[in-house]
> 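Here's a structure for you.
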Number of protein chains: 2
Amino acid sequence: METCPKCATPTSVIRAGMIRGKVRFYCKSCDYHFTQEHSLKPSPQKQVHTTIKDIAQLMGVSIATVSRALNNKTDISPNTRDAIQKLALELDYNPNLFAKGFQRGETKTIGVVIPNIKRPFFAGVLSGIQEVANDHGYRVMICQSNESYETEVTNIQGLLASHVDGLLISHSKETTRFNQIKNLFDKGLPMVHFDRICTEVETPKIRQEDFEGAYQLVEHLIQQGYQRIAILAGPPELLISQKRKEGYINALEKHGLPLKPEYMAHGDFSKEFALASVDAWQKLPEPPDAIFAIHYLNAVEIIQYSKELGIEIPKQLGIVGFGDEYLAEIIEPALTVFHLFPQKVGEVAASLLFDVISKKHASQQEDVLVQGQLIIRKSSLKKA
Amino acid sequence: METCPKCATPTSVIRAGMIRGKVRFYCKSCDYHFTQEHSLKPSPQKQVHTTIKDIAQLMGVSIATVSRALNNKTDISPNTRDAIQKLALELDYNPNLFAKGFQRGETKTIGVVIPNIKRPFFAGVLSGIQEVANDHGYRVMICQSNESYETEVTNIQGLLASHVDGLLISHSKETTRFNQIKNLFDKGLPMVHFDRICTEVETPKIRQEDFEGAYQLVEHLIQQGYQRIAILAGPPELLISQKRKEGYINALEKHGLPLKPEYMAHGDFSKEFALASVDAWQKLPEPPDAIFAIHYLNAVEIIQYSKELGIEIPKQLGIVGFGDEYLAEIIEPALTVFHLFPQKVGEVAASLLFDVISKKHASQQEDVLVQGQLIIRKSSLKKA
DNA sequence: ATGAAAGCGCTAACAG
DNA sequence: CTGTTAGCGCTTTCAT
C-alpha cells in the first residue's frame with residue numbers, strides 16, 4: 001500500500017488509475033490526488049525470466065490486468081495497456097510458453113524421429129520441418145534412432161513424456177514392429193510418416209517417387225543400350241528398398257528384359273557389401289553391364305572401386321543411383337541420379353502434421369507423393 | 001464413495017487398505033469388509049496422456065500417494081507402491097515432464113542455435129550434442145539462423161520463451177553485435193559458444209585448431225616446395241577466418257616467405273567468389289603456385305575449376321582446405337585437409353554446458369580446444 | 001476497466 | 001504410511 005504524502009495515512013489511499021506510466025493515487029482522508037513512478041528496477045534483475053507477477057507488482061496492478069494487457073485483450077484501458085507493454089519491453093519480459101500451453105494441454109512443440117541427422121537427406125528434411133514449424137509458431141524436438149529399434153522406442157517415449165503436440169517419424173531400418181506407434185495413433189496423437197514409412201498404421205504418409213524414380217533410371221539405362229542391369233538394393237524389409245526394386249523389375253519387364261536373381265543383391269547399404277557385390281557380379285559368366293544402386297553412396301563407392309579395377313565407366317559399366325548430393329556431381333564420371341528433394345519432404349510432412357493438429361482429429365490416411373527428378377550425367381551415357 | 005454391497009449404505013464405507021491391487025473397504029454400519037477392483041478402463045481411454053489424477057481416482061488414493069509411488073519415494077507401503085506402479089504401466093502413464101520442471105523452474109531442455117543444419121559440420125555437431133544431452137536426460141531444441149543476424153535474434157528469443165535451461169550457440173556470419181547474448185549472460189543463463197564464437201562475452205568457448213591447422217597446412221605446402229601460397233579466406237569479421245589467416249601468415253613468416261596482399265582474398269565462401277579469385281590470381285604477373293582455401297567447399301570448387309582451365313594439380317597448383325568431408329576423399333586429385341571433428345565439438349560443448357547448468361552459476365570463461373588432424377592427400381603432393 | 005480465484009500436472013512441505 | 005495444501009506462470013471466468 002502507498003502512503004499519502006500529505007496526511008501520511010496509508011490505509012485510506014486507493015489506486016486511482018494511471019497516467020503516462022505513472023500510477024495515480026487518491027487519499028480518501030485528505031481528498032488528495034498524487035502520482036508515483038512504479039518503483040522500477042528494485043535490484044539489477046538477476047533472474048533470467050521476468051514473470052507477469054513481477055510486472056504486476058511493479059505496476060501496482062493485478063496479474064490478470066497484466067495478462068490482458070500483454071495479450072491485447074479488449075477489456076482494458078489503452079493507458080494501462082500501453083504502460084504495461086512499455087514496462088514489459090523494458091524488462092524484456094517474455095512469456096513462459098510452457099506455462100501458457102499448460103492449461104490448453106499443449107506444448108507448441110512437435111517431435112521428430114529420424115535415423116540419423118548426419119545423413120544429408122535427413123538434414124535436408126529437418127531443415128524443411130524447421131521452417132514450416134517456425135511459421136506455425138511451433139518448436140521442434142529432434143531425436144536420432146541411429147537405426148536402432150530400441151533407441152527409436154525410447155525416443156518416442158521421451159517425446160511423449162515431453163508432451164509433444166505431434167510426431168513426425170521416419171523409422172529405423174531395424175524397425176519391423178509398430179505396436180507402439182499404433183497405440184499412440186489409436187490414442188489420437190497427431191502423427192505423420194515420411195520416407196521410412198509404416199503401412200500398418202493409417203497415418204498420412206509422405207512418400208517419394210521410389211518406384212517411379214527407379215523405373216526412370218532403369219529405363220534410361222535400357223535406352224542407353226545396357227542389357228544386363230543389376231540392382232544393389234537395401235534390406236528387403238525396408239519399404240523404399242521394395243519400391244525401388246519394384247520399379248527396377250517393372251522397367252525390365254516392360255522392355256522385355258529377363259529378370260535374373262543373380263543380378264539382385266540385398267544388402268545393408270554398407271561399403272563392404274557394395275564392393276563385395278561388385279566382385280561377385282564380376283565373377284559371373286555374364287557380368288552385368290550396368291548397376292543401379294538404390295543408395296547414392298553405394299553408387300559412388302562402386303564408381304571408385306570400378307576405376308580401381310580398371311573397369312571403364314560408362315563404357316563397360318553404367319552406374320546410376322538414387323538421391324542427389326553434391327558428391328554425385330563432383331565424382332568422375334559424374335553420377336546419373338534420381339534427385340530427391342529432402343527439404344520439400346520435410347516441408348510437406350510438417351504441413352500435413354499441422355493440418356492434423358489443427359483439425360484436432362486423429363491422423364487420416366492421406367498419402368502425398370513428393371516428386372523427384374531424373375538427372376542424367378556421364379556415368380550412364382554409353383552412347384555419348 | 002463406495003456403496004456397501006451388504007447394507008447399501010454409502011456413507012459409512014471407508015477405505016481400509018489395499019490387497020493385491022484391489023482396494024479393501026470396510027462398512028462401519030454393518031461391520032462388513034469387502035474388496036473391489038479399481039474400476040479400470042472406464043472407457044477405452046481416448047486421451048493421449050494419463051495423469052496421476054486419473055490413477056489416483058482409479059486406485060482410490062490421493063494424488064500425493066501416486067506421486068510418491070511413481071517416484072519411488074520412501075514413505076510408502078510396498079503394496080500400494082506396487083499396485084500403483086502396475087496400474088501406471090497398464091495405462092502406460094508417462095509423467096508430464098513440463099509440469100514436473102515447472103515448479104523447479106527448469107525445462108530439461110537446452111537450445112541450440114546454428115547457422116544451418118544442412119552443413120555437414122553442423123550436422124555432426126548436433127549429433128554430438130544430442131548424444132550428450134540424452135545421457136543427461138535433457139532434450140534439445142534446434143534453431144537455424146540461416147546466417148541471418150535477425151533470424152538468430154528471433155531464434156534466441158524463441159528459445160528463451162521456451163525457457164530452455166541453457167544455450168549452445170554458433171553465430172551467423174552476419175552477427176557482429178552481441179548485446180542480446182551479453183544480456184542473457186548477465187542474467188545468468190548458462191551458455192556455451194562453439195565454432196563461431198564471440199569474444200565479447202565471457203562464456204566458455206569451444207574452439208577448433210583454426211590457427212594450428214592453418215599453420216600446419218601452409219607449412220606442409222612450403223615443405224612440398226610451394227613458394228607463392230595464396231589464401232582464400234572468409235569474411236574478415238569472422239573469427240575462424242581471422243585465426244586461419246593468422247596461421248597462414250605465421251607459417252609464411254616462420255619460413256621466411258614474403259606476405260603478399262595480392263595473395264590474400266576475403267570472400268563470402270561463395271563459389272562465385274572462389275572462382276573469381278582464381279581468375280584474378282591467374283592474371284597476376286606471378287600467379288600463386290598453391291592455394292589455401294579456408295572453406296573446404298571452396299577448395300573442391302577450385303580443384304574442379306582448375307581442371308577446366310587445364311591447370312595441373314598438384315604440379316602447377318597445390319590446393320589445401322579445411323574441414324574434411326567424404327567429398328575431399330573422393331574428388332580427384334583427393335584434397336589435403338585439416339580434419340575437424342564436428343561430433344567431438346558437439347560433445348564437448350554440451351558437456352561443458354551441463355557443467356555450467358549443474359553448478360548453477362553463470363558460465364565461466366573456460367576455453368576448450370578440440371584437436372584436429374592434418375590429412376595429406378594428392379592435391380598438395382608436388383614432390384611425389 | 002480491473003481484481004479475485006480457479007485450474008492445468010506435478011512435487012514438496014506439513015499434518016495426521 | 002497417507003492425505004491436504006500450496007504453488008510453479010499463465011489464462012480465464014466471475015465478480016465488482
Side-chain angles (χ1 to χ4, degrees), chain A residues 1 14-19 23-26 47-57 59-84 88 91 93-108 160-163 165, chain B residues 1 14-19 23-24 47-57 59-84 88 91 93-108 160-163 165:
Chain A
M1 296 295 105
I14 60 166
R15 288 198 331 99
M18 235 169 292
I19 181 164
V23 187
R24 276 181 66 235
F25 292 97
Y26 172 65
Q47 52 181 334
V48 178
H49 298 287
T50 312
T51 71
I52 53 169
K53 199 175 165 190
D54 298 333
I55 299 182
Q57 280 172 348
M59 292 290 295
V61 299
S62 76
I63 57 167
T65 306
V66 177
S67 174
R68 276 188 276 256
L70 261 19
N71 290 293
N72 272 319
K73 295 278 179 189
T74 43
D75 273 6
I76 182 145
S77 86
N79 272 342
T80 316
R81 178 165 44 68
D82 296 347
I84 290 177
L91 298 174
Y93 163 83
N94 41 17
N96 185 330
L97 290 185
F98 289 123
K100 232 169 176 166
F102 202 7
Q103 334 161 66
R104 306 187 145 241
E106 60 183 31
T107 52
K108 289 283 182 187
L160 215 63
S162 300
H163 281 221
D165 295 341
Chain B
M1 296 297 103
I14 59 167
R15 287 199 331 100
M18 234 172 293
I19 181 166
V23 187
R24 277 181 65 234
Q47 51 181 336
V48 178
H49 298 288
T50 313
T51 70
I52 53 170
K53 199 175 165 188
D54 298 332
I55 298 181
Q57 280 171 348
M59 292 289 295
V61 297
S62 77
I63 56 167
T65 306
V66 176
S67 173
R68 275 188 276 257
L70 262 19
N71 290 294
N72 272 318
K73 294 278 180 188
T74 45
D75 274 6
I76 182 143
S77 87
N79 271 342
T80 316
R81 177 164 45 68
D82 296 347
I84 290 177
L91 298 173
Y93 163 84
N94 40 19
N96 186 330
L97 290 185
F98 289 122
K100 232 169 176 165
F102 202 8
Q103 336 162 62
R104 305 186 148 241
E106 60 182 32
T107 52
K108 288 282 180 187
L160 216 63
S162 300
H163 281 221
D165 296 340

> Does a nitrogen or oxygen in the side chain of A:Thr80 sit under 4.0 Å from OP1 or OP2 of C:dT2?
yes

> Using the ring of each side chain (for Trp, its six-membered ring), is A:His163 parallel, tilted or perpendicular to B:His49, with breaks at 30° and 60°?
parallel

> Round to the nearest Å and state the distance from B:Ile84 atom CD1 to D:dT2 atom C1'.
10 Å

> So B:Tyr93 and B:Leu70, side chain to side chain contact (heavy atoms under 4.5 Å, CB included) or not? Walk me through it.
CA-CA 10 Å; B:Tyr93 163 84; B:Leu70 262 19; 3.6 Å; yes

> Could you tell me which non-hydrogen atom of B:Ser162 sits nearest to which non-hydrogen atom of B:Thr107, and how far apart they are?
O-CG2, 3.7 Å

> Just N and O in the side chain of A:Thr65: are any of them under 4.0 Å from OP1 or OP2 of C:dT2?
no

> Run the side chain to side chain contact (heavy atoms under 4.5 Å, CB included) test against A:Asp75 and tell me which residues pass, sequence neighbours left out.
none

> Between the axis at one end of the helix from C:dA1-D:dT16 to C:dG16-D:dC1 and the axis at the other (five pairs apiece), what's the angle to 10 degrees?
50°

> Which pair of heavy atoms, one from A:Gln103 and one from A:Lys100, lies closest together, and at what distance?
NE2-O, 3.5 Å

> How close do A:Ile76 and A:Thr80 get, counting heavy atoms only, and between which atoms?
CG1-CB, 4.3 Å

> Can you tell me the distance, in whole Å, between the CG atom of A:Asp82 and the P atom of C:dA1?
13 Å

> If you compare every side-chain N and O of B:Ser62 against the phosphate oxygens of D:dG3 (OP1, OP2), does one of them come in below 4.0 Å?
yes

> Evaluate B:Thr51 against B:Asn96 for side chain to side chain contact (heavy atoms under 4.5 Å, CB included), listing each step before the verdict.
CA-CA 8 Å; B:Thr51 70; B:Asn96 186 330; over 6 Å; no

> For the residue pair A:Ala56 and A:Ser62, what are the closest heavy atoms and their distance?
CB-C, 3.9 Å

> Round to the nearest Å and state the distance from A:Asp165 atom CG to C:dC8 atom P.
18 Å

> Reading nucleotides 8-16 of chain D from the 5' end, what letters show protein touch, with B for base, S for backbone sugar-phosphate only, - for no heavy atom under 4.0 Å?
BBBBBB---

